[in-house]
Amino acid sequence: MARQKGLMKYVGTIGDVRHFKIKGQRGFFAGMVGGPTAQQVKTAPEFERTRENMNEFGGCAIAGKAVRTALSALMGKFTDTQVTGRLTSIMKRINLEDGTEARGYRKVEISTQRNYLNGFEFNKNQSINGIFNAPYDVNHDVERNAGDFIIDEFNPSDLISSPAGATHFRLLHALAVIADFSYNPVTGTYEPDDNVNNELSVVNYSPYLPLNASYAGSTIPAELPGSPVLGNNVSVLQCIGIEFFQEVNGQYYPFASGNCLKIEEVF
């Protein structure tokens, strides 16, 4: 691969030479045009493994998107730029555990591999355990419809690492239902095993709490709407988070930094 050093800056193909940029690197690059055609990848016998991998990767991306859709109200503020790829990667690890379907059509059976999502941080650069160190616990009912985020009394100035300028914080508690995904040969794509309850979610918040005053402790409940009946082919992600604000004349302005969201338990 060549690196272009002259004053001419462009991307695209001229003759057999392709010019392009690489994200995160300076300068322009050039390489020979080549590789298999799209038709070869779709039909040629030598690309059978490629097609199998592409099909399963697509299913894993769909499963990862279900998590992001269920928690769409929290995406952006609590996530890094690579959260999509990181979730897809976890779903692929879950996919590889399936021993019931043929290669290329293996399930994304989250319900039997929940440990892969346990403890997932939506921002890999900002761990909640490095920001929020107060004593807490979580629980849920046997129907998996409701749960509690229980926070003991603590002093925020001692146990919260807040960004400079923040005056207040909020704690959040979220539940999100994610189904297992199986390949449907009729539609040619991966679909949720429970299309009714997949992506069902709820998010509840504490009041705005001052960082310079002792917190008396409380319980933040969360209950899925409609009291759904959840089968063995779905999992519930129980998430906790913290976000920061600056109070000015009674208005709370959110911070872009310091906010954290974590999958505390999967059940």
Side-chain angles (χ1 to χ4, degrees), residues 11 20-25 38 41 50-98 104-131 172-184 187-195 197-203 233-243 254-267:
V11 295
F20 54 93
K21 287 280 292 179
I22 296 178
K23 185 177 181 181
Q25 296 192 34
V41 173
T50 301
R51 290 191 292 273
E52 292 172 350
N53 291 335
M54 289 172 60
N55 194 52
E56 289 186 343
F57 183 83
C60 295
I62 291 171
K65 183 181 179 181
V67 175
R68 292 184 286 112
T69 300
L71 297 170
S72 59
L74 306 176
M75 295 298 100
K77 182 186 295 186
F78 294 93
T79 59
D80 59 51
T81 57
Q82 298 177 326
V83 67
T84 297
R86 293 193 298 117
L87 280 170
T88 301
S89 178
I90 288 177
M91 295 304 176
K92 183 56 186 173
R93 293 166 65 187
I94 293 173
N95 168 246
L96 291 174
E97 296 284 358
D98 180 43
Y105 307 98
R106 287 173 291 194
K107 300 177 181 179
V108 185
E109 201 168 55
I110 300 166
S111 62
T112 61
Q113 306 295 333
R114 292 169 177 160
N115 57 298
Y116 282 112
L117 282 166
N118 242 335
F120 180 80
E121 299 273 3
F122 284 85
N123 186 341
K124 67 176 183 179
N125 304 312
Q126 197 77 70
S127 170
I128 195 169
N129 294 330
I131 298 294
L172 71 87
H173 181 206
L175 301 178
V177 180
I178 305 298
D180 296 340
F181 284 78
S182 302
Y183 182 76
N184 185 336
T187 60
T189 188
Y190 277 78
E191 297 178 354
D193 290 356
D194 182 348
N195 192 52
N197 293 311
N198 184 53
E199 300 177 3
L200 188 66
S201 64
V202 60
V203 182
N233 56 359
V234 301
S235 301
V236 180
L237 313 183
Q238 187 171 29
C239 306
I240 63 170
I242 185 171
E243 59 180 336
F255 270 61
S257 62
N259 306 312
C260 301
L261 179 67
K262 174 187 177 184
I263 299 177
E264 183 69 20
E265 286 192 4
V266 187
F267 49 82

### Task
Show your working on side chain to side chain contact (heavy atoms under 4.5 Å, CB included) between L172 and L261 and close with a plain yes or no.
CA-CA 9 Å; L172 71 87; L261 179 67; 3.7 Å; yes
### Message
Measuring from atom NZ of K77 to atom OG of S257, what distance do you get when rounded to the nearest 0.5 angstrom?
### Response
12.5 Å
### Message
Tell me if a side-chain donor or acceptor on T69 pairs with a main-chain N or O of A66 at a distance below 3.5 Å.
### Response
no
### Message
With a 6.0 Å cut-off (strictly less than), is the heavy-atom count around CG of N195, excluding the residue itself, greater than 12?
### Response
no
### Message
If you define the side chain from C-beta out and look only at heavy atoms, does anything of N129 sit under 4.5 Å from K262?
### Response
yes
### Side-chain (D180) to main-chain (S111) donor-acceptor, under 3.5 angstrom
yes
### Side chain proximity check, I110 to N233, heavy atoms < 4.5 angstrom
no
### Query
Are any of the side-chain heavy atoms of L117 and L237 separated by less than 4.5 Å?
yes
### Query
Do the non-hydrogen side-chain atoms of F78 and V83 ever get within less than 4.5 Å of each other?
no
### Query
What distance do Q82 atom CD and N125 atom CG have between them, rounded to the nearest 0.5 Å?
8.0 Å
### Message
What verdict does the side chain to side chain contact (heavy atoms under 4.5 Å, CB included) test give for Y105 and N55, after you've listed the backbone C-alpha separation in whole Å, the side-chain angles of each residue and the deciding distance to 0.1 Å?
### Response
CA-CA 7 Å; Y105 307 98; N55 194 52; 3.6 Å; yes
#### Entry: Atom of S182, atom of D193 and distance for their closest heavy-atom approach
OG-OD1, 2.9 Å
### Query
Does T79 reach the main-chain N or O of M75 with its side chain, forming a donor-acceptor pair under 3.5 Å?
no
### Message
Please check: side-chain N/O of E56 versus main-chain N/O of R106, any donor-acceptor pairing under 3.5 Å?
### Response
yes
### Message
Holding to ring-ring contact (aromatic ring centres under 6.0 Å, His included), I want the full list of residues that pass it with F122, two or more places apart in sequence or in another chain.
### Response
F120
### Query
Where do I94 and K107 land on the side chain to side chain contact (heavy atoms under 4.5 Å, CB included) test, with the steps shown first?
CA-CA 8 Å; I94 293 173; K107 300 177 181 179; over 6 Å; no
### Task
Taking the side chain as every heavy atom from C-beta outward, state whether H173 and V203 have any pair of such atoms under 4.5 Å apart.
no
### Message
Just verifying a value: how many Å separate F267 CZ and N118 CG, rounded to the nearest 0.5 Å?
### Response
10.5 Å
## Note on the structure
The complete set of salt bridge (Lys or Arg N to Asp or Glu O under 4.0 Å) pairs with one or both residues in residues 79-89, sequence neighbours excluded, reads D80-R86
#### Entry: Student check: side-chain heavy atoms of K65 and R68 closer than 4.5 Å
yes
### Task
Could you tell me whether the side chain of S201 and the main chain of A70 form a donor-acceptor pair under 3.5 Å?
yes
#### Entry: Student check: side-chain heavy atoms of T189 and Y183 closer than 4.5 Å
no
### Task
List the steps and the verdict of side chain to side chain contact (heavy atoms under 4.5 Å, CB included) for I128 and I240.
CA-CA 9 Å; I128 195 169; I240 63 170; 4.1 Å; yes
### Message
Ignoring hydrogens, what is the shortest heavy-atom contact between N184 and E191? Give both atom names and the distance.
### Response
ND2-OE1, 3.1 Å
### Contact check, side chains of N95 and F57, non-hydrogen atoms, under 4.5 Å
no
### Query
Q126: what forms a side chain to side chain contact (heavy atoms under 4.5 Å, CB included) with it, not counting sequence neighbours?
N123, I131, C260
### Task
Output the distance between atom CD1 (I178) and atom CZ (F181), rounded to the nearest 0.5 Å.
7.0 Å
### Query
Which distance, rounded to the nearest 0.5 Å, do you find between the CZ of R51 and the CG of N53?
11.0 Å
### Task
Establish, from distance only, whether the side-chain atoms of D194 and N197 form a donor-acceptor pair under 3.5 Å.
yes
